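All remarks here apply to the structure that follows.
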Amino acid sequence: MKIASFNINGIKARIQALTDWLDEAAPDVVLLQEIKSVDDGFPREPFEDRGYNVETHGQKGFNGVAILSKLPLEDVRRGLPCDDGDEQARWIEATVVGQRALRICGLYLPNGNPVEIDDAGQPVAGGKYAYKLAWMERLRQRAADLMAAEEPALMAGDYNIIPQEEDAARPDAWRDDALFRPESRAAFRRIVNLGYTEAFRARIQGPGHYSFWDYQAGAWNRNDGIRIDHVLLTPQAADLLTDCRIDAEIRGREKPSDHVPVWVELDV
DNA sequence: ATGACGGATTCTATCCGA
C-alpha cells in the first residue's frame, strides 16, 4: 500500500498538478495539507472520478487537511483531542480498511513564526510560537496514545520542522526560525522518541533531500530547500515499511505547490 | 533587505506562509 503526504498549498489552484501526479504515482492513500477550502467548497469530482474516497477537514482561507483513499475509510476523526476550542483545521485521522486495518493521521503543524521569546526564554503567551509548541504537546499526547495501541499506524504531514542540519541546504539561514529553533526540534524529538520511526531517514541517509522550496528568490533552481514533510510510523507499521521517497521533480513543473509529496510503501 | 512569490479573501489591498 502506497501512502503519500502532500502539502498542496490550495486545492483549487492545484487540481491539474495534483491529478497529474495522482495519475503517475498512483498512491492508494494521500494525506493533503493546506487545502485552503471549506468542506463544501472542496472539489471532490476529480478525485472521486479516479476512485478515491474523500474526507475533508477544512476552514475558510487557510490551513485545512484532507484524506484521499482508494480503500474504504472508517472512524474518521477531525481535530486533535483536547483541542480546547482550536479553530484551526490541522488534523484528520481515519482507519484504512484493507486486508489489515491501518490507522492514518494527517497533520499540518503550525509554522510558529514570528518567534516571540521573553527575557526568560519562554515563548510569549498568545504568540504564534507558543501556539506551535502547545500544538506539538497535544500532538505528543495523541502520538503516545497511538503508540500504546500497539497497532500499525502512521502520522504524516507538513510538520514544519527541520529535524537536523542536513535537512536544510543553508541551515544557518534557519537558525532562529520557528522551523529549526532548539525548542521546536526538541518537541519533535519528544514525539519521535516515543518509539516512532521517521520513515525517510530509516531508508535514506545524507544531505540534499528536501520537500519544500520557497517560491521566492529562485529557491528551486538553486536547490535551496528544506525537509519538513515527514512520515512517522509506529513499530508495527515500521515492520511493514519497504520504501520511502520524495517526489522532488514535480516541484519544477507548471504551477507547482511549494511542497512536494513524500510517500511510503507498506507491505500491507 | 520586516524584501521576494503565490494563494486566498477582506479583492486593484491585505494577510499568511516558510
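Since we're looking at a predicted model, the values are computed, not measured. Excluded from the calculations below are hydrogen atoms, water molecules and symmetry mates; all remaining heavy atoms, backbone and side chain alike, are included. Numbers restart at 1 for each chain; the letters A, B, ... are given by sequence-line order, proteins then strands.
Under the 4.0 Å criterion applied to side-chain N and carboxylate O atoms, R190(A) and E183(A) are not assigned as salt-bridge partners. Salt-bridge check for R175(A) with E165(A): passed, with a basic side-chain N closer than 4.0 Å to an acidic carboxylate O.
Backbone-only contact: N7(A) has heavy atoms under 4.0 Å from sugar-phosphate atoms and none from a base. If you check every strand for non-hydrogen atoms under 4.0 Å, K128(A) touches sugar and phosphate atoms only. Within the 4.0 angstrom heavy-atom criterion, only backbone atoms of the sugar-phosphate kind lie near N160(A); the bases stay farther away. Residue-level contact check: Y159(A) touches neither bases nor backbone, having no heavy atom under 4.0 Å from any strand. In this structure, D158(A) reaches the sugar-phosphate backbone alone: every heavy-atom distance under 4.0 Å involves primed, P, OP1 or OP2 atoms, never a base.
Residue R181(A) contributes atom CZ, which lies 18 Å from atom P of dA18(B) at whole-angstrom precision. One can place CG of D258(A) at 17 Å from P of dC16(B), the figure rounded to the nearest angstrom. Taking atom CD1 of residue I226(A) and atom C1' of nucleotide dG17(B), one finds them 11 Å apart after rounding to whole Å.
Rounded to the nearest Å, the gap between the C1' atom of dA13(B) and that of dA18(B) is 22 Å. Of the P atoms belonging to dT14(B) and dA4(B), the separation is 14 Å, rounded to the nearest Å. Going from the P atom of dA1(B) to that of dC16(B) covers 24 Å, rounded to whole Å. With C1' as the reference atom, dC15(B) and dT10(B) are 9 Å apart, rounded to whole Å.
Between W21(A) and F6(A), the ring planes lie perpendicular to each other; the angle is over 60°, past the 30° to 60° tilted range. Between F188(A) and Y159(A), the two ring planes are perpendicular [angle over 60°; tilted spans 30° to 60°].
Geometric assessment of R227(A) against the ring of Y210(A) yields a negative cation-pi assignment under the 6.0 Å and 45° thresholds.
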Restricting both atoms to N or O, compile the protein contacts to nucleotides 5-12 of chain B shorter than 3.5 Å, with distance only.
from	atom 1	to	atom 2	distance (Å)
dG7(B)	OP1	R14(A)	NH1	3.3
dG7(B)	OP1	K255(A)	NZ	3.1
dT10(B)	OP2	K60(A)	NZ	3.2

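For the residue pair N7(A) and E34(A), a side-chain donor N or O sits within less than 3.5 Å of a side-chain acceptor on the partner.
The phosphate of dA18(B) (OP1 or OP2) has a side-chain N or O of H259(A) nearer than 4.0 angstrom.
Taking only distance into account, the side chain of D177(A) never meets the base of dA18(B) through a donor-acceptor pair shorter than 3.5 Å.
V97(A) forms part of no hydrophobic cluster, judged by ILVMFWY side-chain heavy-atom separations under 4.5 Å.
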